[in-house]
Amino acid sequence: MTQEATMKKTREFQAETKQLLDLMVHSIYTNREIFLRELISNASDAIDKVRFNSLTNHDLLEGDDQFEIFLIPDENSRTLTISDNGMGMTYDEVIENIGTIAKSGTRAFLEKLKERETSTDQELIGQFGVGFYSAFMVAEKVTLITRAPGQAKGVKWKSTGDGTYTIEEIEKEKRGTTIVLALKEEFRSAEHGEENFLNRYTLQSLIKKYSDYIRYPIRMNFISEEKPKDAEGKIIEDAPAKQTVEVRTLNSMTPLWVKNKNEITKEEYFSFYKDLFHDWEDPLEIIHSKAEGTVEYTTLLFLPSRAPFDFYDRDTTAGIRLYSKHIFIMDKCREILPEYLKFVRGLVDSPDFSLNISRELLQHSKQLKLIGKNLEKSILKTLENLLTKDRPKYETFWKEFGQALKIGIYSDYQSRDKLKGLLLFPSSQSPDGLTSLEEYTGRMPEKQKVIYYAAGKDRASVERLPQMELLKEKGIEVLYLLDRVDEFAIDALQEFKEKKFQSISRGDLQLDDFESETEKQDAENLAKDNESLVKAVKDRLGDKIAEVKISSRLKTSAVCLVSDDNGISLSMEHILTEMNRASFKAKRILELNPHHEVFAALKKLHETAPDSDAFTDYCDLLYTQALLIEGLPPEDPIAFANKVAKLMAGNEKN
Ligand code: ADP
Ligand code: MG
């Protein structure tokens, strides 16, 4: 510690912190009682930390292993004090953890707050977990006094939440952190009943409500005054009252998951979830089970109602908390569940885990693998049940986390069979809802050989695709793949119940059984009659395309581009280009609609002036139109514009 650090210093909060504090102080009006839950949960985390670290370094305990959290409401000073004998903080740690918001979430929190369209402030606070600062919702001044084990001096931090704080070194005997809240007027007067945070019974019920299962005793002194009694048990009225102080433990300390399911209320589960995982919203689904056998464990898992704001751009997983015989061992264990289930929050408690298990050891732990397999199974089972028994709930889940499952299918081949039944897509036959593959195949007429899909950016643009025309006419259902990952997932899956997936923009549509003999004959004749035209078009377009075909899928459009069944599709190429991975190219096949008037014009030109510039221009224009329809840019926009202009002027002359 440098010399100057020992003097009292005033420092500024980081800009983001200032904004956040301002919000805490001025904008949040409901549920301010959660500050207590936040501070208790920090105290409990700090005790977890010192206890865990003391397993390898006993000196950290400084002879004090009676872990506890203490509440002192004081009418005289109008303060509420929360103290713990946890890990405490060093001078630098206080600046790092309390003065600045290093957490990347905060910036995003503030941005979200500016948008403010959907969520309320309350939901946001939960989502982003801005714990400590919630103290400023109820306090006009917050003083934090802390000492880390092994440090000679403690640190005193003080702020009114107005943009600056002071920090100085002080003496502190006991290890740990004490937070003193100078309560705002409205939170310390009897008038406010429920929100009087100096009232012991209010505090007691808040602890019961939010922090009952905290593993360390949360204690408070209850003071009662009683006049002494005489030998007959009668109160002696003129004697001075005697004060008795009774220390009560406010929480039951029983970990929630240890209790029997039928002894736990929904509210208890919900409150436990919100506290442990810093969520504001109730979870969508709870999985609570005990297993005995080759491995013994208890698990309590939650499916959140909403994906965290950065769920899809973060590569970290929420992870599962591990406990051994109710003792916390590890936060965010990623090794237990497969990546595609990274949205699941929860914990596993098993006597088979060793207390000082390291992450390296963990990766090779057989028990962990076995437990992980079981958890995966029960999560998937839960999702399957939701899908069939509570469709609206499942669709809520799907909207938030469906993408994770689809990425799973695409990136983890072992997951494919397990996940395909859980997929949902919009389709041409479900204008409002979503359909599962099971439902789709259930509706397929017997003569339909494949599952059709169309990829695009939204329903309207898919429905306008020229390639949809024939399928629409035949009344065949088409799945709409509107998510970027969809087509990659379907491509990885290849088939469902032995029915292959078929893009409406790729290869042969396999509609033989939907066509009459004469239709087939007509198609064959058309192909034969136009062989030389097709060859000439291909010739003019050269390497730009792999093939030219007489189309059977087009009804009103003149042209379309399709790709073959191998490699990537045009829409996948489009996505990869956007991701700067343009080296992948789809094989382009240009299809011409033989029934379109442009086709007749082209044919005529080919017969009368096959070597003319006009014929080459026509080929080029048709190809560029097909590109535009696919959302791809013309290769030479200026040349394209000139050719169109020339054509228009020419028409005028005729
Ligand atoms: P979170 O708990 O999600 O990390 P908080 O805002 O609640 O966020 O707390 C910020 C940090 O301040 C904590 O991560 C911890 O390092 C530190 N901290 C807060 N309260 C305590 C405490 N009672 N003892 C030790 N450290 C604490
Ligand atoms: Mg916290």
Side-chain angles (χ1 to χ4, degrees), residues 13-14 16-21 23-24 28 34-54 60 64 67-72 80-110 124-139 142-151 154-159 161 165 167 172 174-181 210-211 214-216 218 272-280 308 310 316 318-319 321 328 331-332 345:
F13 283 111
Q14 234 188 0
E16 275 101 353
T17 319
K18 266 190 222 171
Q19 273 174 280
L20 187 61
L21 285 171
L23 176 87
M24 289 287 171
I28 294 173
I34 58 132
F35 83 94
L36 189 62
R37 177 186 75 187
E38 294 298 327
L39 297 183
I40 296 275
S41 127
N42 284 351
S44 166
D45 290 349
I47 299 176
D48 273 342
K49 218 185 270 175
V50 76
R51 186 171 68 179
F52 183 65
N53 290 334
S54 73
L60 292 177
D64 174 13
F67 302 114
E68 67 171 359
I69 298 164
F70 214 94
L71 298 184
I72 308 169
L80 172 64
T81 299
I82 298 134
S83 61
D84 65 67
N85 54 353
M87 192 63 183
M89 283 175 272
T90 64
Y91 190 94
D92 292 342
E93 281 168 346
V94 172
I95 293 175
E96 166 97 14
N97 298 335
I98 307 288
T100 19
I101 307 181
K103 283 176 284 185
S104 63
T106 309
R107 193 177 300 250
F109 169 80
L110 291 163
L124 284 173
I125 290 192
Q127 265 189 13
F128 294 80
V130 281
F132 174 79
Y133 299 99
S134 66
F136 288 97
M137 295 194 293
V138 298
V142 178
T143 310
L144 176 142
I145 301 160
T146 185
R147 185 173 69 73
Q151 298 284 317
V155 184
K156 183 172 173 181
W157 177 101
K158 209 158 61 176
S159 176
Y165 61 87
I167 184 164
K172 185 178 191 304
K174 274 181 70 177
R175 170 200 75 225
T177 303
T178 296
I179 291 167
V180 185
L181 307 176
Y210 293 118
S211 316
I214 291 282
R215 298 166 297 284
Y216 308 103
I218 304 167
F272 176 84
Y273 165 77
K274 290 189 238 182
D275 180 18
L276 205 58
F277 299 108
H278 302 286
D279 198 348
W280 183 261
D310 56 351
T316 54
R321 289 170 80 97
F328 171 79
D331 206 2
K332 301 188 179 165
R345 316 300 307 262

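Position 1 is the first residue of the sequence; numbering continues from there. First listed ligand is number 1; within each ligand, the first listed atom is number 1.
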* Asked: Counting both backbone and side chain atoms, is some N or O of Lys49 under 3.5 Å from an N or O of ligand 1?
  ->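 Not met; the criterion fails.
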* Asked: Does the N or O separation between Ala46 and ligand 1 drop below 3.5 Å for any pair?
  ->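 No - when backbone and side-chain N and O of Ala46 are compared with those of ligand 1, no distance drops under 3.5 Å.
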* If you take all heavy atoms of Ile179 and Val142, which pair is closest and at what distance? ->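 Closest approach of Ile179 to Val142, heavy atoms only: CG2-CG1, 4.1 Å.
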* Asked: Do Trp157 and Met89 touch side chain to side chain, with heavy atoms closer than 4.5 Å?
  ->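 The answer is no; the side chains never approach within 4.5 Å.
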* Should the pair Phe13 and Tyr165 be assigned to parallel (<30°), tilted (30 to 60°) or perpendicular (>60°) ring geometry? ->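 The rings of Phe13 and Tyr165 sit tilted, inter-plane angle from 30° to 60°.
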* Whether Phe277 and Tyr273 hold their rings parallel, tilted or perpendicular, with breakpoints at 30° and 60° ->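 Rings of Phe277 and Tyr273: tilted, 30 to 60°.
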* Using a distance threshold of 2.8 Å, what protein N/O/S atoms lie below it relative to the Mg ion (ligand 2)? ->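 Short answer, with waters excluded from the count: Asn42 OD1.
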* CG/Asp48 to CZ/Phe67 distance, rounded to the nearest 0.5 angstrom? ->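 If I round to the nearest 0.5 Å, the distance is 9.5 Å.
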* What residues, two or more places apart in sequence or in another chain, satisfy salt bridge (charged side-chain N to carboxylate O under 4.0 Å, His left out) together with Arg345? ->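 Salt bridge (charged side-chain N to carboxylate O under 4.0 Å, His left out) list for Arg345, sorted by chain: empty.
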* **Residue list, salt bridge (charged side-chain N to carboxylate O under 4.0 Å, His left out) with Lys156, at least two apart or on another chain** =>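 Salt bridge (charged side-chain N to carboxylate O under 4.0 Å, His left out) list for Lys156, sorted by chain: empty.
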How does [X] reach ligand 1, if at all, at less than 4.0 Å between non-hydrogen atoms: by side chain, backbone, both, or neither?
X      : result
Ile179 : neither
Asp84  : side chain
Glu93  : neither

* Those residues that, when tested against Asn53, pass side-chain contact (heavy atoms from CB on, under 4.5 Å) (two or more places apart) ->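 Testing Asn53 for side-chain contact (heavy atoms from CB on, under 4.5 Å), a comparison that skips the adjacent residues, returns Lys49, Leu60, Met87.
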* Asked: Hey, is Asp279 close enough to Lys274 for a salt bridge, meaning N to O under 4.0 Å?
  ->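 Salt bridge: no.
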* Please work out which of Val50, Ile82, Asn42 has its closest non-hydrogen atom nearest to atom 19 (C) of ligand 1. =>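 Comparing heavy atoms across Val50, Ile82, Asn42, the nearest one to atom 19 (C) of ligand 1 lies in Asn42.
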* Touching ligand 1 at all, Met89? Heavy atoms, strictly under 4.0 Å? ->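 Yes.
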* To do: Find all atoms of ligand 1 within a distance of less than 4.0 Å from any non-hydrogen atom belonging to Ile98, and give their numbers and elements.
  =>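 In order of numbering, the contacting atoms are 12 (O).
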* To do: Go through ligand 1 atom by atom and flag the ones less than 4.0 Å from a non-hydrogen atom of Thr177.
  =>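 Counting atoms of ligand 1 from 1, those under 4.0 Å from Thr177 are 22 (C), 23 (N), 24 (N), 25 (C).
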* To do: Keeping the roles fixed (side chain from Asp84, backbone from Ile69), state whether a donor-acceptor pair exists under 3.5 Å.
  =>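 No, the answer is negative, given that no donor and acceptor are paired below the 3.5 Å cut-off.
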